[in-house]
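Each chain gets a letter, A, B and so on, in the order the sequences are listed, and its residues count up from 1.
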Protein chains: 2
Amino acid sequence: MTVTSTHSAGSAEEGGPKAGNMRSLSRSMEVFAELQRAERPQRLSDLARTCGMSLPTTLRILRVLQDFGMVSQTDKSYRIGPAVLPAARSYLENDPLVVAARPILQQVASQTGLTASLYTRLGFERILVARVDGDSPLRYDLPLGKRLPLTVGAAGKILLATVSDTELGQVVAAAVASGHEESTFTADELRARLPEPGVDYAYSADERATGVLSVAVAVPNGTRRPSESMALTSPVESATEAGLEAGVPELRRAAGRLSELLEGSVY
Amino acid sequence: MTVTSTHSAGSAEEGGPKAGNMRSLSRSMEVFAELQRAERPQRLSDLARTCGMSLPTTLRILRVLQDFGMVSQTDKSYRIGPAVLPAARSYLENDPLVVAARPILQQVASQTGLTASLYTRLGFERILVARVDGDSPLRYDLPLGKRLPLTVGAAGKILLATVSDTELGQVVAAAVASGHEESTFTADELRARLPEPGVDYAYSADERATGVLSVAVAVPNGTRRPSESMALTSPVESATEAGLEAGVPELRRAAGRLSELLEGSVY
DNA sequence: ATATTCTATTTCATAGAATGAAAGAACATT
DNA sequence: AATGTTCTTTCATTCTATGAAATAGAATAT
């Protein structure tokens, strides 16, 4: 089995003109991405300018996306449309990884009493795709589907532990560009945060959210670029570093089981 | 303020070649829609056949969508990708309609003690986009983002109460095609289910889900084709038809307030 | 009210991208 | 190993995606 990585730089590219494939679709997805980034309804001219394309082109893209419910329009402003909800539901209900992970997270959570989460890497960020609460639920709201940095938090760092220096550079650039890190942030600083070579789990305290401790392992996928990680998380008041690290073996086993389940299934 | 309706038939069209705009993007969205419909990973050749396009074209579409995380690939099979989660989150957090509706639903729910929901029409179906539970939460799982029929349930029927006969015909055809209704279903049968002209709310008992009663009103948008509806719902054991209908005035006011809020905001 | 500026939409000619046929790999099955 | 299937690449052709320019429509200023 093979895990295919992304073909080109995707949305977070530097700006160079990209390989020849499907220009119109790529541009359309840029518009769609921009609407998400904006977090508020956008006018046609804004979108055209931000995405660097002509007004007619932008308008035509929006019209088609609107036909499919991916974009809504009121007056002169455009926003993400309701069709993304069925899509998200379809993903959560049918994705083999997410479906397989749920009972496993459940088991880890009840065995350790901690909150168990599954993250997936998307571009130069990560996304929470499943979570099962332990004895003391985290009090900050469930960031399911939220874009989180790879550079901060155990579940992010473990995804970077084994990547090449080249890629680490890209990660730093993206983190700075997206505002997740200061502009002075360097690859060396990042490398220092990551687990030592040989250590297969990451630890974080107060990194992404204050008062939260976590440990995370990568879900093996046969490459040096894992795209999923599993984490145990707890508020400071109900766990210590030692307590969390006691959960690592269990977490490791869980990640291994998930990995095997996926290899096996031929979908 | 104007609510712009969809330009062409969208995804649920009969099969006629569509207006000239953005063929490649339209086809791409068809592929994306098909991946959702399938509910399981699909092989390239399956997708190409189902969507009626050549293998190379389908492959190129999938590659671009994959670059943006809208599609995932494992081995030879493709499925919806994790990028739909941030999109859905963006919609739920930022859509002016959904955001404005939440506190209003909250208020109606606490005043009536019933579960209050907001649906939006998407093509020939409807989608639950927000819900606040009342005193007796509904026991079936929250179908947020689930595609539900327009032909069944108070919140569906009220969206059809004022539409043209032509459109009603399309709705019937779509409901049959999607398996929501038997193939013997006719527009007349549907019309008989809908509220009488002049009545601005719909009632349903045991229609979409057994043991569930609901009433619904449309959110006015200045046209005869409302695209949102608001519903009060309750399990049979904790409410009667009369009890629910007592909530209609409150519901009507709530829908009116939502409508006004949206007119006012110039986003 | 009228002029002015900005934004959105349509039209149209052109470049270039999207497309499928066919060949070539890779994979699965016999 | 041999055959059949599925995937991927190549390439010539067509048609579509594209932006300039003109037109229509809003918004703002005068």
Side-chain angles (χ1 to χ4, degrees), chain A residues 1-8 17-32 34-35 38 40-68 71-79 263-267, chain B residues 1-8 17-32 34-35 38 40-68 71-79 263-267:
Chain A
M1 107 114 174
T2 314
V3 175
T4 309
S5 57
T6 51
H7 291 257
S8 62
K18 191 159 31 170
N21 267 338
M22 292 269 125
R23 189 163 99 115
S24 66
L25 178 53
S26 294
R27 297 175 119 199
S28 302
M29 298 315 289
E30 299 281 358
V31 171
F32 184 68
E34 179 55 30
L35 277 177
R40 69 187 54 223
Q42 295 287 104
R43 313 202 51 176
L44 175 61
S45 48
D46 300 329
L47 283 170
R49 192 168 12 77
T50 321
C51 300
M53 44 190 86
S54 73
L55 293 196
T57 297
T58 311
L59 180 61
R60 283 181 291 243
I61 290 171
L62 287 169
R63 289 226 254 246
V64 177
L65 290 179
Q66 187 169 211
D67 280 348
F68 285 86
V71 162
S72 298
Q73 178 185 10
T74 301
D75 285 313
K76 296 300 169 64
S77 55
Y78 298 87
R79 59 203 138 96
E263 308 281 339
S265 67
V266 191
Y267 327 146
Chain B
M1 108 107 170
T2 314
V3 174
T4 309
S5 57
T6 51
H7 291 257
S8 61
K18 193 160 29 175
N21 268 338
M22 292 270 124
R23 189 161 99 115
S24 65
L25 177 53
S26 294
R27 297 175 119 199
S28 302
M29 298 314 289
E30 298 282 357
V31 171
F32 184 68
E34 179 55 29
L35 276 177
R40 69 187 55 224
Q42 295 287 102
R43 312 203 51 174
L44 175 61
S45 46
D46 300 329
L47 283 170
R49 192 168 11 77
T50 321
C51 299
M53 45 190 84
S54 74
L55 292 195
T57 297
T58 312
L59 180 61
R60 282 181 289 242
I61 290 171
L62 288 169
R63 290 225 254 248
V64 177
L65 290 178
Q66 188 169 212
D67 280 347
F68 285 86
V71 162
S72 298
Q73 177 184 11
T74 302
D75 286 313
K76 296 300 168 67
S77 55
Y78 297 87
R79 59 203 138 96
E263 308 281 339
S265 66
V266 192
Y267 327 145

Ser26(A) and Val64(B): which non-hydrogen atoms are nearest, and at how many Å? OG-CG1, 3.6 Å

If you look at every heavy atom in Leu44(A) and Leu55(A), which pair is closest and at what distance? CD1-O, 4.1 Å

note: Leu62(A), atom CG; dT18(D), atom P; distance rounded to Å ~ 12 Å

Side chains of Arg79(A) and Thr74(A), donor plus acceptor under 3.5 Å: yes

Spacing between Asp46(B) atom CG and dT5(D) atom C1', to the nearest angstrom: 12 Å

Using a cut-off of 4.0 Å on non-hydrogen atoms, how would the nucleic acid contact of Arg27(A) be classed: base, sugar-phosphate, or nothing? sugar-phosphate

With sugar-phosphate meaning primed atoms plus P, OP1 and OP2, does Arg60(A) contact a base, only sugar-phosphate, or nothing at under 4.0 Å between heavy atoms? base

Nucleotide dT9(D), atom C1' - distance to CG of Leu55(B) in whole Å: 12 Å

What is the distance, rounded to the nearest whole Å, between atom CZ of Arg23(B) and atom P of dT14(D)? 15 Å

Closest non-hydrogen atoms of Arg27(B) and Gly52(B), given as atom of the first, atom of the second and distance, are NH2-O, 4.2 Å

May I have the distance from Met22(A) (atom CE) to dG16(C) (atom P), rounded to whole angstrom? 17 Å

Side-chain N,O (Arg63(A)) to OP1/OP2 (dT10(C)) below 4.0 Å: yes

If the cut-off is 4.0 Å, is Ser45(B) near the phosphate of dT5(D), judged by side-chain N/O to OP1 or OP2? no

Are any of Ser24(A)'s side-chain N or O atoms less than 4.0 Å away from OP1 or OP2 of dT16(D)? no

Which part of the nucleic acid, if any, lies within reach of Ser54(B) when heavy atoms closer than 4.0 Å are counted: base, sugar-phosphate only, or nothing? base

Starting from the first five and the last five pairs of the helix from dA1(C)-dT30(D) to dT30(C)-dA1(D), work out the angle between the resulting helix axes, to 10 degrees. 50°

Applying side-chain hydrogen bond (donor to acceptor under 3.5 Å, both in side chains) to Thr50(A) and not counting sequence neighbours gives none

Got a donor-acceptor contact below 3.5 angstrom from the Gln66(B) side chain to the Phe68(B) backbone? no

Residue Tyr78(B), side-chain heavy atoms: nucleotide from dT19(C), dT10(C), dT8(D) that is nearest: dT8(D)

Can a side chain N or O of Arg43(B) be found less than 4.0 Å away from OP1 or OP2 on dC7(D)? yes

Tell me if a side-chain donor or acceptor on Gln73(A) pairs with a main-chain N or O of Asp75(A) at a distance below 3.5 Å. yes

Could you state the atom-to-atom distance from CG of Asn21(B) to C1' of dT16(D) in whole Å? 10 Å

Separation of dT6(D) C1' from Asp75(B) CG (nearest whole Å): 14 Å

Atom-pair distance (CD1 on Ile61(B); C1' on dT19(C)), nearest Å: 10 Å

Want to settle it: does Lys76(A) or Leu25(A) sit nearer the 5' end of DNA chain C, counting the closest nucleotide to each? Lys76(A)

